[in-house]
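In what follows, every chain begins at residue 1, and chains take the letters A, B, ... in the order their sequences are listed.
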There are 2 protein chains.
Amino acid sequence: MRVTRSYSRATKQTLALLGKLIKAGRLERGLTAEDLSERAGITRKTLRKIENGEAGSEIGIVFEVAALVGVRLFDLDDRSLQMHNTRLDEKLTLLPKSVRHRKQEVDDDF
Amino acid sequence: MRVTRSYSRATKQTLALLGKLIKAGRLERGLTAEDLSERAGITRKTLRKIENGEAGSEIGIVFEVAALVGVRLFDLDDRSLQMHNTRLDEKLTLLPKSVRHRKQEVDDDF
DNA sequence: TCAATATGAGTGATTTAATATCCATAAGAC
DNA sequence: GTCTTATGGATATTAAATCACTCATATTGA
């Protein structure tokens, strides 16, 4: 936080989209900001920041609010989430536990 | 934050999945935790919390890290993000700007 | 096996998100 | 048009995330 953080276009757009999806979900369900914030255990102000796509909110709170109005990040239901988590666990055990290189720059893209 | 917050299963699993996707993406690209945290402008500790799927991190930072290792949140590229944002804007103008009800409980599910 | 370094983890300081409360304005219901 | 209330915004306070730094352990490559 110290310094003003800057965010990529993708991040900003994703945040904006998520906030709008939440707001639309709330309105479609006929929930006031107070209704939803109450259910999520947060204040109206925090909800407004989330709906406005601000970058500083806690990710756990945002995901919780999203879930409350039916917005899914990966478009996966509970079962599928579980499955993907398990698959990722397996994949991670196969990958090296620590990355070993240095000296020469990473052979990144360019 | 004040009080210990509790999160739904969906939130926990989504956070866990996102963290694992980020870690896998980092390892596959041969980036050390220091490499990635440096590029993201955060400390290794913060990155570890993100990869561990902890709920308290700032959503903007998490999304930024995800973007750096090629993890896309809604599985949308830049152009699609833009399009969806525009569509959502239109949708929001059609929805009521404020929800009007009270007195009787919301006709929610039950 | 051994040396180099990546990772995991702890501490204290700093910054800021979230809260609680209040007020002005906007917007819906009659 | 009027009334009611939902929303947007401001404030001071508090709790926690992040940082910077350090050390122990795990892991990799030679």
Arg48(B) has an atom CZ; how far is it from atom C1' of dC19(D), in whole Å?
13 Å
Distance test, side-chain N/O of Arg5(A) to OP1/OP2 of dC19(D), below 4.0 Å:
yes
Between Thr46(B) and dA17(D), is there a contact of a side-chain N or O with OP1 or OP2 at under 4.0 Å?
no
Leu94(B) has an atom CG; how far is it from atom P of dA27(C), in whole Å?
15 Å
Any Arg26(B) side-chain nitrogen or oxygen under 4.0 Å from OP1 or OP2 of dT7(C):
yes
At what distance, to the nearest 0.5 angstrom, does OG1 of Thr14(A) lie from NE2 of His84(B)?
11.5 Å
With a 4.0 Å cut-off on heavy atoms, is Gly41(A) in touch with a base, just the backbone sugar-phosphate, or nothing at all?
sugar-phosphate
Counting only distance, no hydrogens or angles, is the base of dT11(D) paired donor-acceptor with the side chain of Lys45(A) under 3.5 Å?
yes
Quick one, Thr43(A) with Thr46(A), criterion side chain to side chain donor-acceptor pair (under 3.5 Å). Give me CA distance, side-chain angles, the key distance, then yes/no.
CA-CA 5 Å; Thr43(A) 61; Thr46(A) 301; 3.2 Å; yes
note: Glu38(B), atom CD; dA6(C), atom P; distance rounded to Å ~ 11 Å
Rounded to the Å, how far apart are Ile61(B) CD1 and dT16(C) P?
11 Å
dT5(C) phosphate, OP1 or OP2, under 4.0 Å from Thr32(B) side-chain N/O:
no
From CG of Leu47(A) across to P of dA17(C) the rounded distance in Å is 16 Å
Could you walk me through whether Thr32(A) and Asp35(A) satisfy the side chain to side chain donor-acceptor pair (under 3.5 Å) test, starting with their C-alpha distance in whole Å, then the side-chain angles of each, then the deciding distance to 0.1 Å, before giving a yes or no?
CA-CA 5 Å; Thr32(A) 66; Asp35(A) 289 334; 3.1 Å; yes
Inter-residue atom distance Leu94(B).CG - Leu27(A).CG, 0.5 Å rounding
11.5 Å
Report yes or no: does Glu34(A) contribute a side-chain atom to a donor-acceptor pair with the main-chain N or O of Arg44(A) at less than 3.5 Å?
no
Can you list, in residue-number order, the parts of residues 64-71 of chain B that come under 4.0 Å of DNA chain D, counting heavy atoms only?
none
Looking at Val65(B), is its backbone amide N or carbonyl O close enough to the side chain of Arg26(B) to form a donor-acceptor pair, meaning the two atoms are under 3.5 Å apart?
no
Hey, could you give me each pair passing salt bridge (Lys or Arg N to Asp or Glu O under 4.0 Å) that has a residue in residues 71-85 of chain A? Not counting sequence neighbours.
Asp78(A)-Arg9(B)
Can you tell me the distance, in whole Å, between the CG atom of Leu36(A) and the P atom of dT7(D)?
10 Å
Within the pair Lys49(B) and dT18(D), is there a side-chain N or O less than 4.0 Å away from OP1 or OP2?
yes
Restricting both atoms to N or O, compile the protein contacts to nucleotides 23-30 of chain D shorter than 3.5 Å, with distance only.
{"residue": "dT28(D)", "atom": "OP1", "partner": "Lys97(A)", "partner atom": "N", "Å": "3.3"}
{"residue": "dT28(D)", "atom": "O2", "partner": "Arg100(A)", "partner atom": "NH2", "Å": "3.4"}

In whole angstrom, give the distance that lies between atom CD1 of Ile59(A) and atom C1' of dA17(C).
15 Å
Expressed in angstrom and rounded to an integer, what is the separation of Asn52(A) atom CG from dA18(C) atom P?
13 Å
Heavy-atom nearest nucleotide on DNA chain C for Ile42(A) versus Lys23(B): which residue maps closer to 5'?
Lys23(B)
